[in-house]
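Everything quoted here is computed from the prediction, not taken from an experiment. In this chain, numbering begins with 1 at the start of the sequence shown. The basis for the numbers below is simple: all heavy atoms, side chains too, and nothing from hydrogens, waters or symmetry mates.
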Amino acid sequence: MDADGRAVVERAVAGACSAQPGYYRADRHSYCLSDARITYTLYDPGSGAVTGVGEISLSSYAEPDAGSGWWNESFTATVTKTEGHVSSLAVNLTASCTNACAMINPDAWGTKVLVLGQSISSHVTYSSSPASGTVTMVTPQYSLKLYQPGDTPGDWDHNWPLPLKVRCDAELSGYGCVISQVRALLDLPLSQYGEAAATYWYAQVALADHWGAPDSPLTRNKDEAAHKANRYRTCEGGSSIPFYPQDDIEDDSCDEYPFAGAFEGGTDGGLCAEILPKFEQGGWKLYYFAGRQPTGNEPCVRGHVPLAKNEKAGGKYGNFVKAERVLDTEKFTVSLEG
């Protein structure tokens, strides 16, 4: 924290919630504060000279719930310094929140008096219930009173907001909350999704738009009618070049990328690169059709993918949207490693 008690934030790497001392970190489903040092200074009322110093270390951890509108934030405060006339510290921590949010339990532990080396741990509880079909951006806020017992608590207040927002929505089924400032990542490892993932990998690596890469994310389109229309244009009767299943691929099906469920999908399939990914001799090989050698400038790809792998990848995408609460027009990236 800075001198005014305000917290600072550092963007988390995906999947992690560890932080440097004094910093917040976040991933899509959690945020935490690590070892923020907060100081109390005692002054002589006559001379104004410093007569004692106390310090606590404050850490917190929270996991907003993508499947409900409430979550806990746990805190631990530890007295790390008492000097001079400061022999103990009274610690009181409360929380509040903005917008369509209420506190079920705003007071972490009441007021506890701690001596050097002692700790106290507890939690507060947030509840958000936005109106059906709406989204709200919740900011948790904190008030810490830290003082020498016998002094006036209001003279040593520390107040700060969480330096990021928790997005809660009722757009998908029920309520759910995530850290939307951290972009959702769809994980489709090559080892599990085979020809489907190889098709997406080709688009990310070989085509100019690199769809799904961090610098070229996809955008969710929630309109089911648009999904059908997109697929029709790319893989079915709306394509200027028909998709012909190959006899040497079991249950051959057309798998398009960008996905039909993204705003970037729906290009005429005749304009797409068309590939046959095959796992041969311990590695993946990509085959093309005579006269249709890709240039790398195609806006999309059609892959010849066994139907089971195509459906498996499609099911993962559908579950991903719900688990990560990817809303309409929200951007996301795709990882194909592993």
Side-chain angles (χ1 to χ4, degrees), residues 1-12 17 19-26 30-43 45 48 50 52-64 70-82 86 88-114 118-128 136-168 177 179-181:
M1 290 190 178
D2 65 17
D4 296 321
R6 293 185 300 238
V8 290
V9 67
E10 182 180 69
R11 180 60 61 86
C17 195
Q20 297 181 15
Y23 283 77
Y24 278 98
R25 299 196 84 171
S30 67
Y31 60 88
C32 65
L33 171 66
S34 176
D35 191 21
R37 299 301 176 104
I38 304 170
T39 300
Y40 163 78
T41 304
L42 182 65
Y43 298 93
V50 174
V53 175
E55 179 189 76
I56 67 164
S57 167
L58 181 67
S59 298
S60 70
Y61 182 83
E63 290 185 349
W70 70 271
W71 72 97
N72 292 329
E73 183 171 4
S74 60
F75 297 88
T76 296
T78 303
V79 177
T80 52
K81 180 190 294 185
T82 55
V86 175
S88 62
L89 289 173
V91 183
N92 175 272
L93 177 65
T94 58
S96 60
C97 54
T98 63
N99 295 329
C101 177
M103 301 302 302
I104 297 175
N105 170 36
D107 195 329
W109 48 66
T111 299
K112 298 294 182 181
V113 178
L114 307 175
Q118 279 191 316
S119 298
I120 183 68
S121 297
S122 191
H123 70 273
V124 300
T125 304
Y126 307 92
S127 176
S128 180
T136 188
M137 304 300 291
V138 174
T139 303
Q141 298 178 324
Y142 311 98
S143 177
L144 174 72
K145 292 179 171 60
L146 183 67
Y147 59 98
Q148 168 89 334
D151 291 337
T152 304
D155 290 344
W156 299 279
D157 287 351
H158 300 265
N159 300 286
W160 71 97
L162 182 71
L164 49 84
K165 296 183 185 297
V166 179
R167 188 190 70 196
C168 296
C177 303
I179 311 298
S180 59
Q181 290 158 270

Glu55 and side-chain hydrogen bond (donor to acceptor under 3.5 Å, both in side chains): which single residue from Thr78, Thr80, Thr41, Thr82 fits?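 Only one of Thr78, Thr80, Thr41, Thr82 forms a side-chain hydrogen bond (donor to acceptor under 3.5 Å, both in side chains) with Glu55, namely Thr80.
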Do [X] and [Y] make a side-chain contact, defined as non-hydrogen atoms from C-beta onward lying under 4.5 Å apart?
{"X": "Asn72", "Y": "Trp70", "answer": "yes"}
{"X": "Trp156", "Y": "Ile38", "answer": "no"}
{"X": "Asp107", "Y": "Val124", "answer": "no"}
{"X": "Ser180", "Y": "Met137", "answer": "yes"}
{"X": "Tyr142", "Y": "Leu162", "answer": "yes"}
{"X": "Thr136", "Y": "Cys101", "answer": "no"}
{"X": "Tyr31", "Y": "Pro140", "answer": "yes"}
{"X": "Leu58", "Y": "Val91", "answer": "no"}

List the atom of [X], the atom of [Y], and the distance in Å for their closest heavy-atom pair.
{"X": "Ser121", "Y": "Trp109", "value": "C-CE3, 4.1 Å"}
{"X": "Trp71", "Y": "Ala62", "value": "CD1-CB, 4.0 Å"}
{"X": "Ala77", "Y": "Leu114", "value": "O-CD1, 4.1 Å"}
{"X": "Trp160", "Y": "Leu93", "value": "CH2-CD1, 4.5 Å"}
{"X": "Asp157", "Y": "Lys145", "value": "OD1-CG, 3.1 Å"}

Quick one: salt bridge (Lys or Arg N to Asp or Glu O under 4.0 Å) partners of Asp35, sequence neighbours excluded?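 Per chain and number, Asp35 pairs via salt bridge (Lys or Arg N to Asp or Glu O under 4.0 Å) with Arg37.
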Out of curiosity, Ser122 OG to Glu73 CD, how far, rounded to the nearest 0.5 Å?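 Going from the OG atom of Ser122 to the CD atom of Glu73 covers 11.5 Å.
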Among Leu144, Thr76, Ile120, Thr39, the one residue meeting side chain to side chain contact (heavy atoms under 4.5 Å, CB included) with Ile56: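 When side chain to side chain contact (heavy atoms under 4.5 Å, CB included) is applied between Ile56 and each of Leu144, Thr76, Ile120, Thr39, only Leu144 qualifies.
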Under 3.5 Å donor-acceptor, Ser127 side chain and Ala102 backbone: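 No, the answer is negative, given that no donor and acceptor are paired below the 3.5 Å cut-off.
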Counting N and O atoms only, with roles assigned by atom type, does the side chain of Ser128 sit under 3.5 Å from a partner on the main chain of Ala100, one being a donor and the other an acceptor?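 Between the backbone of Ala100 and the side chain of Ser128 there is a qualifying donor-acceptor contact (under 3.5 Å).
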Sorted by first residue and then second, give each salt bridge (charged side-chain N to carboxylate O under 4.0 Å, His left out) pair with at least one member in residues 96-105; sequence neighbours left out.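 Salt bridge (charged side-chain N to carboxylate O under 4.0 Å, His left out) check on residues 96-105 returns no pairs.
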Contacts of type side-chain contact (heavy atoms from CB on, under 4.5 Å), residue Ser96, not counting sequence neighbours: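 Counting only residues at least two positions away or on another chain, Ser96 forms a side-chain contact (heavy atoms from CB on, under 4.5 Å) with Gln141.
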